[in-house]
Amino acid sequence: MPMRIRPTLVALLAILGSCVIHAQDASRMDTIVRSYADSRAFMGAVLVARDGQVLFDKAYGFANLEWNTPNTPSTRFRLGSVTKQFTAASILLLEERGKLKTSEPVGKYMPDAPAAWGGITIFNLLTHTSGIPNFTSFPEYRQLERFDTPVRDVIAKFRDRPLDFAPGEKMLYSNSGYVVLGYLVEKISGQDYESFVQQNIFTPLGMKDSGYDSNTRIIAQRAAGYTPGRDGLRNADFVHMSVPHGAGALYSTTHDLLLWEQGLFGGKLLSAASLAKMTTPFKGDYGLGVMIQTVNGRKRISHGGSIEGFNTSLVYFPDSRVAVISLGNVNGNAPDRMTDQLGRLVHGDAVQLTSERTEVPVARDILARYVGTYQLAPQVSMMMTLDGNQLMTQLSGQPRLPVFPQSETLFFLKAVDAQVEFVKDEKGAVTAAVLHQNGRDQRAPRISDTVLERREVQVAPAVLASYAGTYALRPGADLVVTVENGQLVTQLGPQPKVPFFAESETRFFARMVDAQIEFRKDATGAISGLVLHQGPANLEAQRKAP
């Protein structure tokens with residue numbers, strides 16, 4: 001008898017032990033999410049599942065702040081660019097049915113396509129390698145997004161603009177390409193995009209709480225969207241949902257997105273060949289509507305979304321069949337950060353929150369040893385400087401941020417979830433820094449023990465005034481240069497104004513970000529253009545006629 005009881009007890013203990021581990025994981029997951037929710041950096045719903053079993057399923061904050069209506073796991077959220085994987089799957093379904101080939105040119109199905117699009121294939125659209133400029137970056141986009149705009153009229157806003165690069169040359173994220181794809185779904189299938197996705201994806205997979213969002217329909221349990229403001233959260237700006245179309249117009253719930261992941265990766269929707277095509281990276285880790293990366297040794301298939309009032313993140317680990325879903329109705333990067341942290345936790349990795357990191361004192365002379373320039377990537381440097389007793393870091397083209405010591409060699413940032421660890425040789429000399437961020441460890445060799453310091457010089461007011469004007473960085477993106485109270489100021493579209501300071505009569509630098517502007521003159525001495533140096537980019541801009 002004892003011999004029979006013992007395996008049962010062992011099995012029972014194993015089950016109880018498993019339950020305890022899951023309970024501990026759930027508690028820790030809640031702590032991670034609350035680190036964002038308690039400060040209202042996040043409101044929304046979060047779900048974690050392994051092999052179809054839900055491990056964590058909670059909602060935080062409010063679906064409507066004005067009525068104090070709480071979010072629930074059934075709340076429906078706008079997905080933003082998470083929509084793109086549904087658009088990509090729609091194209092692949094049409095390919096499986098013999099309606100198109102992704103290798104074919106767009107012009108075959110869009111006869112009125114501009115001549116410049118002649119070399120663009122459907123595959124280029126899917127992988128962001130078409131070269132079509134991103135219309136949501138145009139200064140006039142803020143006007144466009146307010147109005148009911150048929151998809152052909154949206155396409156008309158960018159179809160005649162020059163390509164940013166030759167098709168297939170590189171990857172540059174473009175919402176324009178996915179609007180065109182949404183249009184192709186309609187033209188080739190003979191259905192509107194909303195009906196096609198509903199009938200061919202949502203209904204077959206049992207996704208009853210998903211759809212194409214509408215500004216006029218009453219949609220039960222739909223969250224309102226918010227964005228941070230000076231005095232707390234405020235209602236997000238209006239966007240007419242006709243505009244994002246196949247690039248970002250869908251809504252869903254965490255539970256429906258779990259059904260989507262199970263259906264997509266469980267062979268319920270696409271053939272194995274189509275799924276392999278979708279999840280094979282082409283350029284820049286991007287496949288067809290999804291990112292494919294290896295993080296902490298694990299393959300991760302993911303996409304985030306951002307639209308007025310909503311940020312979302314959908315992550316799937318195919319080897320462990322783990323899904324991590326975060327849907328938020330507050331703009332900010334909390335969903336992306338949470339899915340990274342929860343993904344690490346569910347795989348057994350330790351996750352330390354920024355609030356849990358303890359700052360320790362480190363002598364100034366030790367901090368001074370870390371000052372220098374570290375090569376993080378080609379044309380991307382990490383500069384370490386010392387302001388008094390505060391060590392500061394700055395990536396090329398980015399703002400300066402303070403770092404705080406956890407130990408004599410390990411430092412952490414509070415503005416973002418990242419750490420910098422300094423490496424020494426056998427003699428104690430600092431030879432490199434390692435940036436730990438988003439599950440990646442990037443080693444940056446030290447290339448200099450100094451950092452280029454830019455010093456301001458005085459320039460005559462008349463010279464500053466001669467630079468005022470509008471400069472075309474690229475089609476639809478103008479940099480406006482003005483002089484305000486003797487200060488040269490730039491503004492790109494709707495972005496904030498950035499002051500620039502003279503280091504010579506023609507070259508200026510910013511302190512807010514690592515960027516410089518160099519003005520160019522023609523043969524007559526008149527200002528003809530400028531070059532914006534920011535990070536690895538050197539962008540030339542011609543001065544537009546007054």
Side-chain angles (χ1 to χ4, degrees), residues 11-38 42-61 70-77 79 82 85 205-210 252-268 290-291 293-305 311-329 334-353 356 417 438-439:
L12 179 60
L13 289 171
I15 292 171
L16 290 174
S18 175
C19 291
V20 171
I21 291 171
H22 288 165
Q24 289 174 342
D25 283 350
S27 176
R28 183 59 177 163
M29 289 178 186
D30 182 60
T31 298
I32 289 172
V33 180
R34 286 198 178 281
S35 71
Y36 301 96
D38 287 349
F42 174 76
M43 298 195 302
V46 180
L47 185 147
V48 181
R50 180 191 286 116
D51 207 13
Q53 179 186 359
V54 175
L55 306 178
F56 184 76
D57 181 18
K58 291 193 71 173
Y60 300 80
N71 277 318
T72 74
S74 299
T75 301
R76 301 174 180 186
F77 300 86
L79 297 182
V82 171
Q85 55 198 278
L205 296 182
M207 299 172 65
K208 298 179 180 179
D209 294 318
S210 303
S252 191
T253 66
T254 54
H255 285 253
D256 265 14
L257 289 178
L258 178 59
L259 293 175
W260 160 250
E261 297 286 53
Q262 290 173 318
L264 180 65
F265 294 99
K268 298 178 182 179
V290 290
M291 295 283 293
Q293 299 164 303
T294 298
V295 180
N296 292 328
R298 305 180 190 99
K299 185 177 182 180
R300 186 176 84 167
I301 300 171
S302 65
H303 211 293
N311 276 74
T312 58
S313 181
L314 178 59
V315 178
Y316 187 75
F317 298 89
D319 296 333
S320 57
R321 297 185 294 279
V322 166
V324 186
I325 305 163
S326 176
L327 306 181
N329 58 321
D336 285 330
R337 294 175 67 178
M338 284 190 299
T339 50
D340 173 66
Q341 292 168 326
L342 295 173
R344 285 187 279 139
L345 182 68
V346 77
H347 286 98
D349 296 347
V351 175
Q352 187 179 42
L353 300 173
E356 297 168 341
D417 184 17
N438 297 329

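Computed over heavy atoms, backbone and side chain alike; hydrogens, waters and symmetry mates excluded. Remember, it's a predicted structure, so these values are computed and weren't measured experimentally.
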Next item on the list: Just jot down the side-chain hydrogen bond (donor to acceptor under 3.5 Å, both in side chains) partners of Arg298, sequence neighbours excluded, or say none.
Entry: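 For Arg298 the side-chain hydrogen bond (donor to acceptor under 3.5 Å, both in side chains) partners, ignoring immediate neighbours, are Asp349.
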
Next item on the list: Using side-chain hydrogen bond (donor to acceptor under 3.5 Å, both in side chains) as the criterion, list what pairs up with Thr339, not counting sequence neighbours.
Entry: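 Residues passing side-chain hydrogen bond (donor to acceptor under 3.5 Å, both in side chains) with Thr339: Ser313.
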
Checking [X] now: which residues fulfil salt bridge (Lys or Arg N to Asp or Glu O under 4.0 Å) with it, not counting sequence neighbours?
X      : value
Asp51  : Arg321
Asp30  : Arg34, Lys58
Asp209 : Arg76

Working to the nearest 0.5 Å, report the span between [atom1] of [X] and [atom2] of [Y].
X      : Y      : atom1 : atom2 : result
Leu345 : Asp340 : CG    : CG    : 11.0 Å
Ile325 : Leu342 : CD1   : CG    : 11.5 Å
Leu264 : Gln85  : CG    : CD    : 7.5 Å
Met338 : Phe42  : CE    : CZ    : 3.5 Å
Leu259 : Thr254 : CG    : OG1   : 10.0 Å
Thr31  : Leu353 : OG1   : CG    : 7.5 Å

Check: Which salt bridge (charged side-chain N to carboxylate O under 4.0 Å, His left out) pairs, counting each pair once, include a residue from residues 253-263, with sequence neighbours left out?
Finding: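 For residues 253-263, and leaving out neighbouring residues, there are no salt bridge (charged side-chain N to carboxylate O under 4.0 Å, His left out) pairs at all.
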
Would you say [X] and [Y] make side-chain contact, with heavy atoms under 4.5 Å?
X      : Y      : result
Leu314 : Trp260 : yes
Val295 : Arg344 : no
His347 : Val322 : yes
Phe56  : Val324 : no

All side-chain contact (heavy atoms from CB on, under 4.5 Å) counterparts of [X], not counting sequence neighbours:
X      : answer
Ser74  : Thr72, Gln221
Asn71  : Met43, Ala59, Ala63, Thr75, Phe77, Ala223, Asn329
Ser302 : Met291, Gln293, Arg300, Val315
Lys299 : Ile292, Ile301, Pro318, Asp319

Checklist line | Worked verdict on Gln341 versus Asp417 for side chain to side chain contact (heavy atoms under 4.5 Å, CB included) | finding: CA-CA 10 Å; Gln341 292 168 326; Asp417 184 17; 3.0 Å; yes

Item checked: ring-ring contact (aromatic ring centres under 6.0 Å, His included) partners of Phe265, counting only residues at least two apart ->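 Listed in chain order: Tyr316.
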
Margin query: Applying ring-ring contact (aromatic ring centres under 6.0 Å, His included), can you list everything that pairs with His303, at least two apart in sequence or on another chain?
Written below: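 Only Tyr286 meet the ring-ring contact (aromatic ring centres under 6.0 Å, His included) criterion with His303.
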
Next item on the list: Grab the two heavy atoms, one from Asp57 and one from Pro73, that are nearest each other, plus how far apart they are.
Entry: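 Distance-wise, the nearest heavy atoms are OD1-CB, 3.5 Å.
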
Item checked: Least distance between heavy atoms, Asp336 atom then Gly304 atom ->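 Looking at all heavy atoms of both residues, the shortest contact is OD1-CA, 4.2 Å.
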
Notebook entry, point to check: Can you check whether Tyr36's main-chain N or O pairs, donor with acceptor, with Arg337's side chain at less than 3.5 Å?
Noted result: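 No: the side chain of Arg337 does not pair with the backbone of Tyr36.
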
Notebook entry, point to check: Between the main-chain N or O of Leu79 and the side-chain N or O of Thr312, is there a donor-acceptor pair closer than 3.5 Å?
Noted result: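 Yes.
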
